[in-house]
Amino acid sequence: RWEEERYPEGIKWKFLEHKGPVFAPPYEPLPENVKFYYDGKVMKLSTKAEEVATFFAKMLDHEYTTKEIFRKNFFKDWRKEMTSEEKSTITNLSKCDFTHMSQYFKAQSEARKQMSKEEKQKIKEENERLLKEYGYCVMDNHKERIANFKIEPPGLFRGRGNHPKMGMLKRRIMPEDIIINCSKDSKIPAPPPGHKWKEVRHDNKVTWLVSWNENIQGSIKYIMLNPSSRIKGEKDWQKYETARRLKKCVDKIRNQYREDWKSKEMKVRQRAVALYFIDKLALRAGNEKEEGETADTVGCCSLRVEHIKLHPELDGQEYVVEFDFLGKDSIRYYNKVPVEKRVFKNLQLFMENKQPEDDLFDRLNTSILNKHLQDLMEGLTAKVFRTYNASITLQQQLKELTNPDDNIPAKILSYNRANRAVAILCNHQRAPPKTFEKSMMNLQSKIDAKKEQLADARRELKSAKADAKVRRDEKSKKTVESKKKAVQRIEEQLMKLEVQATDREENKQIALSTSKLNYLDPRISVAWCKKWGIPIEKIYNKTQRDKFAWAIDMAEEDYEF
DNA sequence: ATGCTCGACTCAGAAAAATTTAT
DNA sequence: TATAAATTTTTCTGAGTCGAGCA
């Protein structure tokens with residue numbers, strides 16, 4: 001079994017064979033009748049300029065294309081692709097008219113939807129062929145699914161939030177950009193005809209199969225294995241085992257940081273307050289970021305004075321800290337938290353004589369914090385607290401919310417509520433679905449209809465009972481029984497709908513999947529399912545069952561995180 | 001020691017695609 | 001029963017974390 005350690009320190013595999021990546025399809029120029037207009041006049045673009053223009057045209061309905069930075073970055077990069085003639089003509093983006101191009105793409109996608117069954121089937125088969133050929137590799141003795149075997153196509157960079165590089169051109173990746181990683185004794189993948197790989201290497205200290213440099217941030221991108229693979233699953237399992245080790249010593253660590261709030265050293269106090277936030281609020285570590293290269297977001301260690309407000313008293317509570325900042329992916333974190341007096345006093349001290357844009361923890365960074373954590377427990381880092389607190393919260397909430405007498409849908413509602421508690425803790429949010437209001441109304445009208453149906457069924461039952469009382473024969477007794485069953489069935493259906501409505505309403509802006517996939521020890525969920533006889537499919541879909549296969553056959557109903 | 005950069009990996013929500021349900 | 005709408009699942013790729021290596 002792969003759960004057992006089989007590799008020497010740092011060695012990730014002994015044998016690795018794969019077919020290399022799938023490249024983005026080449027650009028297909030627009031048909032002659034699709035026009036681009038500049039300053040009201042038709043203009044035929046060179047192929048390169050046209051390709052980049054289509055990227056913009058395809059996004060025309062998106063809010064991005066109205067943003068100043070997006071337009072500026074796009075225009076700058078687009079001009080680099082133009083011929084000198086085009087460059088001298090096209091000098092103002094506002095005079096460019098992409099609407100015809102945009103309409104053409106909309107018509108295309110409409111046509112795609114209207115394709116016949118046979119055509120759709122053909123495309124499906126082609127995708128399956130591609131997956132079969134390029135979607136798998138052999139790592140040691142297993143055939144494993146590859147996560148992202150397709151190279152990202154060229155396009156316009158879309159950052160999250162207020163990203164300074166939004167709209168820049170993401171260039172096309174060629175075989176000459178690609179580094180292949182595989183074992184020496186494997187069949188080396190062949191580059192496309194007429195091309196060469198940048199490099200072929202044989203590094204079994206890393207898990208990736210393919211890498212390339214990306215031109216926006218200058219970072220490296222990788223092709224790696226699917227979460228269902230041994231190499232990812234084993235790592236995932238280890239992550240939860242580390243979090244369980246933290247469970248054993250978390251009380252000691254908490255006592256320690258509470259002591260440190262009183263330390264003579266500023267650095268130690270800051271470390272202790274930051275750790276308290278990470279533990280209590282499940283904040284991310286907060287590495288420093290290069291200014292101007294990315295959106296302005298922060299985590300715990302990079303919090304600035306402007307991100308918190310101190311309220312000696314607020315709404316009847318003492319010592320309230322009000323957090324308001326943008327975290328990962330520019331998701332807003334807003335929270336009012338009552339804290340211990342010592343924490344409050346320390347925060348006042350840290351903020352003394354500082355400007356709003358100054359660091360709150362000026363003597364602290366993630367490296368200092370993680371070094372300290374390493375001393376407290378082997379393998380302990382800031383993110384382990386998130387995993388630990390998420391998993392322990394799920395376990396405890398499940399214990400609290402599961403009612404043994406509930407039916408399966410009600411128990412699943414309890415599960416979702418426990419999951420939701422974790423998502424809220426971790427601040428996993430989503431944009432409310434576009435159709436949310438409408439979908440709630442539909443559900444409500446279904447509930448109303450069901451209620452009426454129930455009332456009818458009850459009336460029928462009543463009259464059947466009266467009838468049976470008079471006639472006192474077998475046949476009318478049977479009628480009563482069947483009417484009773486009908487009422488019960490409808491009651492159950494109604495209840496199911498009401499549960500669904502509650503669940504959906506509570507879930508409006510909460511994203512459950514991130515915590516489910518990355519923070520909750522799956523063995524807790526598996527054990528809960530076993531304990532209450534809930535089919536695992538009700539909790540995990542196919543992908544999730546594949547990812548958590550290790551937990552599904554490992555955990556028994558008495559598993560404790 | 002310390003700080004900085006880079007590489008490799010995990011984690012993140014949006015969007016597209018597939019599937020299910022309603023009409 | 002075909003089509004459209006709603007919902008769920010999968011894909012996509014950007015955004016973090018964290019440790020190693022180097023000056």
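Predicted model only: the values in this text are computed from it and were never measured. These values consider heavy atoms only, across backbone and side chains, with no hydrogens, waters or symmetry-generated copies.
- A ring-centre distance under 6.0 Å is found for A:F157 and A:H163.
- Distance from the side chain of A:N518 is smallest to B:dC11 among C:dT13, B:dC11, C:dC18.
- No side-chain heavy atom of A:I308 sits under 4.5 Å from any side-chain heavy atom of A:F325.
- Taking every side-chain heavy atom of A:N287 into account, C:dT17 is the closest of C:dA6, C:dT17, C:dG14.
- Distances shorter than 4.0 Å separate some side-chain N or O of A:H428 from OP1 or OP2 on B:dA12.
- Residues A:R386 and A:K205 each lie close to DNA chain B; by heavy-atom proximity, the contact nearer the 5' end of the strand is made by A:K205.
- If you check every strand for non-hydrogen atoms under 4.0 Å, A:R201 touches nothing.
- Not one side-chain nitrogen or oxygen of A:K221 sits closer than 4.0 Å to the OP1 or OP2 atom of B:dA8.
- Residue contacts shown for A:K170 are limited to sugar-phosphate atoms, with no base heavy atom under 4.0 Å away.
- As judged by a 4.0 angstrom heavy-atom cut-off over every strand, A:P153 is placed among residues touching the sugar-phosphate backbone only.
- Taking only side-chain atoms of A:A431, from C-beta outward, the nucleotide of B:dA15, B:dA14, C:dG19 with the closest atom is B:dA14.
- When distances are taken from the side chain of A:Y222 to each of B:dC9, B:dG13, C:dG14, the shortest belongs to B:dC9.
- Of the charged side-chain nitrogens involved, at least one lies within less than 4.0 Å of a carboxylate oxygen, so that A:E437 and A:K508 count as a salt-bridged pair.
- Between A:R145 and the phosphate of C:dT11, there is a side-chain N or O to OP1/OP2 separation shorter than 4.0 Å.
- Looking at heavy-atom distances under 4.0 Å, A:R284 makes contact with sugar-phosphate atoms alone, never a base.
- Closest approach to the A:Y519 side chain among B:dA8, C:dG14, B:dC11 is made by B:dC11 (side chain taken as heavy atoms from C-beta onward).
- Phosphate proximity of B:dA14 to A:H62: absent, as no side-chain N or O sits under 4.0 Å from OP1 or OP2.
- Contact check, A:Q217 against C:dA15: a side-chain N or O comes under 4.0 Å of OP1 or OP2.
- Both A:E214 and A:C300 lie close to DNA chain C; mapped to their nearest nucleotides by heavy-atom distance, the more 5′-ward contact belongs to A:E214.
- Phosphate contact (OP1/OP2 of C:dT7, side-chain N/O of A:S439, threshold under 4.0 Å): present.
- Comparing C:dT13, C:dC18, C:dG16 by their closest approach to the side chain of A:T381 singles out C:dC18.
- OP1 or OP2 of B:dG13 has at least one side-chain nitrogen or oxygen of A:T514 nearer than 4.0 Å.
- Residue contacts for A:A382: at a heavy-atom cut-off of 4.0 Å it reaches the sugar-phosphate backbone alone, with no base atom in range.
- Contact annotation for A:G299: no contact, since no heavy-atom pair falls under 4.0 Å across all strands.
- Along DNA chain B, the nucleotide nearest to A:Y64 and the one nearest to A:K267 differ in position, and the one closer to the 5' end is contacted by A:K267.
- Note on ring orientation: taking the six-membered ring where Trp is involved, the planes of A:F56 and A:F98 are tilted (angle from 30° to 60°).
- Between the side chain of A:K328 and the base of B:dC11, at least one donor-acceptor pair of N or O atoms lies under 3.5 Å.
- Residue contacts shown for A:K446 are limited to sugar-phosphate atoms, with no base heavy atom under 4.0 Å away.
- Side-chain proximity of A:N541 to C:dT11, B:dC11, C:dT9: nearest is C:dT9.
- Proximity of A:K239 to the phosphate of B:dT10: no side-chain N or O atom is located under 4.0 Å from OP1 or OP2.
- Nearest nucleotide to the side chain of A:T207, out of C:dT13, C:dC18, B:dC9: B:dC9.
- Using a 4.0 Å heavy-atom cutoff across all strands shown, A:S513 reaches no nucleic acid atom at all.
- The 5' end of DNA chain C is approached more closely, in terms of each residue's nearest nucleotide, by A:K150 than by the other of A:K150 and A:R160.
- In this structure, A:Y540 and A:F548 have tilted ring planes: the angle between them lies in the 30° to 60° band.
- For A:T297, a side-chain nitrogen or oxygen approaches OP1 or OP2 of C:dG16 to under 4.0 Å.
- Across all strands, A:I216 comes closer than 4.0 Å to no nucleic acid atom at all (heavy-atom distances).
- Salt-bridge formation is detected for the pair A:K165/A:E293: a Lys NZ or Arg NE/NH1/NH2 atom is positioned less than 4.0 Å from an Asp or Glu carboxylate oxygen.
- Residue-level contact check: A:A295 touches neither bases nor backbone, having no heavy atom under 4.0 Å from any strand.
- Look at A:K383 and you won't find any side-chain N or O under 4.0 angstrom from OP1 or OP2 of B:dT10.
- Atom-to-atom, CG of A:L512 to P of C:dT8 comes out at 11 Å; the value is rounded to the nearest Å.
- At the heavy-atom level, A:K12 lies under 4.0 Å from the strands shown only through sugar-phosphate atoms.
- Within 4.0 Å of A:R504, counting heavy atoms only, lie sugar-phosphate atoms of the nucleic acid but no base atom.
- Rounding to the nearest 0.5 Å gives a distance of 4.5 Å between SG of A:C529 and CD1 of A:I539.
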Test side-chain hydrogen bond (donor to acceptor under 3.5 Å, both in side chains) applied to A:R230 and A:H142, step by step: CA-CA 8 Å; A:R230 180 223 105 213; A:H142 294 283; over 6 Å; no
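- A:D329 comes within 4.0 angstrom of the backbone, heavy atoms only, and of no base.
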